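Worksheet for the structure shown next.
The model shown is predicted, which means the values in this text are computed figures rather than measured ones. Here is the naming used below: chain letters follow the sequence lines, and residue numbers restart at 1 for every chain. Only heavy atoms go into these numbers, but all of them, side chains included; no hydrogens, no water, no symmetry mates.
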Amino acid sequence: MATSGISIRRLKEHVGEQVSLQGWLVAKRSSGKIGFLQVRDGSGVVQGVASRAEVPAAAWAEVERVTQESTVRMTGTVREDKRSPSGVELHLSDFAVDFLTEEFPITPKEHGTAFLMENRHLWLRSSRQRAALRVRSEAEQGIHDFFHQRDYVRIDSPILTPAACEGTSTLFETEYFGDKAYLSQSGQLYLEPALSAFGKVYCFGPTFRAEKSKTRRHLMEFWMVEPEVAFLEFEGLCDLAEEFLSELVARVLDRCAEELRVLERDTGPLERVVGPFPRITYTEAIARLNAKGNPIAWGDDFGADEETAISEDFDRPVLISRFPAAFKAFYMQPDPEDSRVVLGLDILAPEGYGEIVGGSQRIHDHDLLLAKVREHDLPVEAFQWYLDVRKYGSCPHAGFGMGLERFVAWVCKLDHLRETIPYPRMLYKIYP
RNA sequence: UCCUGGGUAGCUCAGUGGUAGAGCGAUCGGCUGUUAACCGAUUGGUCGGGGGUUCGAAUCCCUCCCCAGGAGCCA
């Protein structure tokens, strides 16, 4: 009797057994007397081999009419076979089409990205897309596990917010019962009050930026994980970010080997992502850039060229710290040793992937924070609750944010963020 | 928002002033171990939209729309 409910991923454990499975036809090759049917069930792909002489006439007729991406069911014996990429194939005793698909738009040949993006809902079925999204899923679970194992409490920050979190990026505006509301661009400010309740917290959810950025490194909607820790100061923050990144990369290497193989990702550079990461200050970075002939001056922010020039000196992520206060967020703690700079941290991924982590120690002194709010021309009333936190049991604290899509793009070595999220939201593009 | 490149068959593209093309897909036929299978045949067009120049425009000009890549900003 054939066993059903076995996933293709686990067929190796059932060699010699009769199994039944349902899935979708990836590809078919057939001669007059033998048919090869690649079937996907979501967990993997297996080839069913149907011999005209060995299956019922009705089953052979189904083999002849089946088309790419039809829904099928097949029954057969699991056999080891060296010619199969997965090591096993299914020697069929029966085959049936449950839904006949006509003219699936995405063929095994090449397509342009515009066409594929228009068909994102169907492109998801392709092997590279499945691999990248499985890595994303693994990274997401890895993030939750990392913090859960360290006794962090997950705080879900609101998506609808009354005002700019940082007063910098452009926000998506919406209507809220006669008032204006904005889609969140960061959960951090809502995380900080929760510190005094839970000590160690994190949030992980979608964030929205209405900047008219049109590059491979930007999405309008992306997912960000943000830990925030009470009594954590700057050096500890750097250690946390380093431990977080190296553990997450190790987890993907361990659990997504097959996906990285499908993506043809050279895992060598990822295996080097172990601490300690190189740590340089902003001022040292400027000196390095000048030595390379880059004319950047102290006080300028890095652009894409500068990020690439810095990261190419290192074979693992590089931490850059102590940026000029002028171009960083209002809540960053000034460096006690140099008031021109703040205790902010950026981590640049290797291989040209740019900034994946940004964080800082936060100002915990009420009067200093109030002065910064005013300095940045932010509405004090809107930030009253945020200032309140500094009035009732304030403490030093720090946190960072990591963009999930940039992490996944780097780990998978994809050339565009749009392939790291199921339904990317890009400038002027919101279909499907 | 700015700069650059592009829009021709379902898809990927060639065609730069004179009859609209190829490969793939699809359809039909053939083939017992295929891996982007192969072989033969058939099918397939508002040349992005509008206007203009010309005897004649996919091709030259104007305009609009759409797409891709990059910059700034950021994760």
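Heavy atoms of A:H218 sit under 4.0 angstrom from at least one base atom. In this structure, A:G35 reaches neither bases nor backbone, as no heavy-atom distance under 4.0 Å exists between it and the strands shown. Across all strands shown, A:I106 has no heavy atoms under 4.0 Å from either base or sugar-phosphate atoms. Using a 4.0 Å heavy-atom distance criterion, A:H91 is classed as making no nucleic acid contact. Within 4.0 Å (heavy atoms only), A:Y428 reaches sugar-phosphate atoms of the nucleic acid but no base atom. Heavy atoms of A:D81 sit under 4.0 angstrom from at least one base atom. Counting any heavy atom pair closer than 4.0 Å across all strands shown, A:E64 reaches no nucleic acid atom. Base contact: A:F222 has a heavy atom under 4.0 Å from a base atom. Within 4.0 Å (heavy atoms only), A:G32 reaches at least one base atom of the nucleic acid. As judged by a 4.0 angstrom heavy-atom cut-off over every strand, A:R65 is placed among residues making no nucleic acid contact. Using a 4.0 Å heavy-atom cutoff across all strands shown, A:Q47 reaches at least one base atom of the nucleic acid. Here A:L417 lies in heavy-atom contact (under 4.0 Å) with a base. Using a 4.0 Å heavy-atom criterion, one finds that A:E307 contacts the bases of the nucleic acid, with or without backbone contacts as well. Note on A:A27: nothing from the nucleic acid sits closer than 4.0 angstrom, heavy atoms only.
Side-chain atoms of A:E89 and base atoms of B:rG33 include a donor and an acceptor less than 3.5 Å apart. Between the side chain of A:T107 and the base of B:rC11, no donor-acceptor pair of N or O atoms lies under 3.5 Å. The base of B:rG69 has none of its N or O atoms less than 3.5 Å from a complementary donor or acceptor on the side chain of A:R418.
For B:rU16 and B:rG21, the C1' atoms lie 15 Å apart once the distance is rounded to whole Å. Taking the P atom of each, B:rA22 and B:rA41 are spaced 12 Å apart, rounded to whole Å. Of the C1' atoms belonging to B:rC39 and B:rC24, the separation is 16 Å, rounded to the nearest Å. B:rU42 and B:rA9: their C1' atoms are spaced 15 Å apart (whole Å).
Between A:R406 and the phosphate of B:rA75, there is no side-chain N or O to OP1/OP2 separation shorter than 4.0 Å. Residue A:R217 places no side-chain N or O under 4.0 Å from the OP1 or OP2 atom of B:rC73. A sub-4.0 Å separation between OP1 or OP2 of B:rA71 and a side-chain N or O of A:K212 is absent.
Taking atom CD of A:Q185 as the reference point, atom P of B:rA75 lies 9 Å away to the nearest angstrom. With rounding to whole Å, A:K214 atom NZ is found 12 Å from B:rU1 atom P.
Using a 4.0 Å cut-off between charged side-chain N and carboxylate O, A:E69 and A:R40 make a salt bridge. Ionic pairing of A:R251 and A:D145 is present here: one or more N-O contacts between side-chain nitrogen and carboxylate oxygen are shorter than 4.0 angstrom. Between A:D98 and A:R73 there is a salt bridge, since at least one side-chain N of the basic residue sits less than 4.0 Å from a carboxylate O of the acidic one.
For A:S213 and A:S31, each mapped to the nucleotide of RNA chain B holding its nearest heavy atom, the one lying further toward the 5' end belongs to A:S31.
B:rU46 adopts an anti glycosidic conformation, its chi angle falling more than 90° from 0.
B:rA22 is paired with B:rU12 under the criterion used here, namely a Watson-Crick or G-U wobble arrangement in which both key atom distances are under 3.5 Å.
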